[in-house]
Amino acid sequence: MQWLGFSWGDHEYYASDYFDQLYEWAIRLIKKGKAYVCELTPEEIREYRGTLKEPGKESPYRNRSIEENLDLFERMHAGEFPDGSKTLRAKVDMASPNINMRDPIMYRILRATHPRTGDKWCIYPMYDWAHGQSDSIERITHSICTLEFEDHRPLYDWFLDELEEYHPQQIEFARLNLTYMVMSKRRLLRLVKEGHVRGWDDPRMPTISGFRRKGFTPSSIRTFSERVGVAKRNSMVDYALLEFCLREELNKSAQRVMGVLHPLKVTITNYPEDQVEEMDAINNPEDESMGTRKVPFCNELYVEQTDFMEDAPKKFFRLKPGGEVRLRYAYYITCNEVIKDDDGNVIELKCTYDPESKGGGTPDGRRVKGTIHWVSARHAVPAEVRLYEHLLTIADAAGDVEEGKDFLDYMNPNSLEVLENALVEPFLKNVKPGVNLQFERHGYFYTDPDTTDDKAVFNRTTTLRDTWGKMVKQNKQH
RNA sequence: UGGGGCGUCGUCAAGCGGCAAGACACAGGAUUUUGGUUCCUGCAUUCGGAGGUUCGAAUCCUCCCGCCCCAGCCA
């Protein structure tokens, strides 16, 4: 049985393990009369290469003797010549319609410190003279790369055929593009270097470490990959599919919890001030085995600012003056009084509760459509919550960029929003980093590595599907 | 007539001579103590276009059209 071996990208870097072997193989090609040392300048090389429609012409150094080539190449290796003064070129075909075959450069002289081999080498192989060779040495069976390398496959094959070495198969397919995302490594590097994100593991980055920190599970990424499929056509996958895969998994597995992102104080005027009740809350309605937990309730609570509206439209099922709403796992409350500051901002609600409604229902069976989440003001744990949006304001980082503009001109200024004053239920006291949770009615959150015993930090992985919010948005636009 | 690829729903994507899968998105409806979940329903008489072959074509042939990649001593 032969094992499948896959290789992917960055060959020059990884090929450093085989620099000695590559050097020997280059000498083998020289001895075969298939490579020569060229002294054309970069400008001349470009000129001699021809254009897309016109053939190139041969370098005057193309027909040196094997002995001379050997001597020159060894001296290049020994460091006798200045950077850029000479190259080793494969002798293929200057008239080839495929420009990659017009005597491609194999080695250039470059005094650079390699991250792995340091200053040992002053000649470095080009991508094409490293890709197939390192694949071959590693007994790769299938060398996977992206579409733009289709033109390089004939050269990949040529080198291996001339070398008469084990010959892996290069297979190309389309790279993954995600809407509103920067996917190119070179661009990602800019985001990091220029400080547009906090680092390679910034939750907005489409890196494995970024996805992990945002809260995407490995299996959700795998499911996503399977659903996207593999093909050769350039495509742009909707980020919504990734979110769907995450929700699908976490809906079944994530611990539910109540967290208030923008707190609004609620005082229950008819609830005994010194009383505290422990309410039973379900940990996951999709998985009974996850059991229940206790949530403390008292006369001082915080609810979500967006769950109250003074002039509420008809379909607003949440808290409004004179309206009744259910506090999840607790009681029905009715809003009697709205307290505002000098600027007219609502800062507190005075409500009464129905003692008959404990647990969320009443003997008279009256219908209360809205259910909102809450935390006890006296028991809640302060937390920092980080909300993320798309990094870009355009879906296609390559195609939607206008003439003369750069993808950085389309950075979403709201891609990160930090909420310093969020409150979560005491169940989350001392949560550890690396946990996926669902904040009920909000979305899925992941405890960030910045979390300490004193302060929890939550990253929003994705929101819940929100048909109400969508409707509100649409109405605003019209 | 430079070469190399690719065209199937808004987005991905199966299909490879015999009735156009599926998923996301979207739109309706039912259930619901998360405006979540779940459940129903709808969503390509047509596959870039035009001819041709065939009893039969998204699939085979011809021509045309559109999009992507290639002229780094980058990968």
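The figures here come from the full heavy-atom set of this structure, side chains too, leaving out hydrogens, waters and symmetry mates. In the text below, chain A, chain B and the rest are named by the order of the sequence lines, each starting its count at 1.
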Just to be sure I understand the rule, does A:Thr51 reach a base, reach only the sugar-phosphate, or reach nothing, if contact means heavy atoms closer than 4.0 Å? base
Taking a pair to mean Watson-Crick or G-U wobble geometry with both distances below 3.5 Å, B:rC16 pairs with none
Quantified in whole Å, what is the C1' atom distance between nucleotide B:rC9 and nucleotide B:rG4? 29 Å
With syn meaning chi within 90° of zero and anything else anti, the base of B:rG36 is anti
Judged by nearest nucleotide, the residue sitting upstream toward the 5' end of RNA chain B, A:Leu327 or A:Arg227, is A:Arg227
### Message
I'd like the P distance from B:rC39 over to B:rG56, given in whole Å.
### Response
43 Å
The answer to which of A:Phe244 and A:Lys369 contacts RNA chain B further toward the 5' end, by nearest nucleotide, is A:Phe244
A:Pro285 has its side chain closest, among B:rG36, B:rA23, B:rC6, to B:rG36
- Task: Would you mind classifying the nucleic acid contact of A:Arg326 as base, sugar-phosphate or nothing, using non-hydrogen atoms under 4.0 angstrom?
- Result: base
Query raised in the report: Closer than 4.0 Å, any side-chain N/O of A:Arg247 to the OP1 or OP2 of B:rC24?
Result: no
Determine the interplanar angle of the A:Tyr23 and A:His77 rings, folded into 0 to 90°, and report it as parallel if under 30°, tilted if 30 to 60°, perpendicular if over 60°. tilted
Reckon A:Arg153 touches a base, only the sugar-phosphate, or nothing at all at heavy-atom distances under 4.0 Å?
nothing
**Message:** Categorize A:Phe317 for me: base, sugar-phosphate, or nothing, with a 4.0 angstrom heavy-atom threshold over every strand shown.
**Reply:** base
- Message: Looking at A:Arg49, I'd like to know whether one of its side-chain N or O atoms comes within less than 4.0 Å of OP1 or OP2 on B:rC73.
- Response: yes
When you measure from the side chain of A:Arg89 to the backbone N and O of A:Asp103, does any donor-acceptor pair fall under 3.5 Å? yes
| task | Using a 4.0 Å heavy-atom cut-off across all strands, classify A:Lys358 as base, sugar-phosphate, or nothing. | result | nothing
Rounded to whole Å, the CE-P distance (A:Met471 to B:rG36) equals 11 Å
Q. A:Tyr124 side chain to A:Ala112 main-chain N or O, any donor-acceptor pair under 3.5 Å?
A. yes
| field | N/O donor-acceptor pair under 3.5 Å between A:Tyr332 side chain and A:Gly360 backbone | value | yes
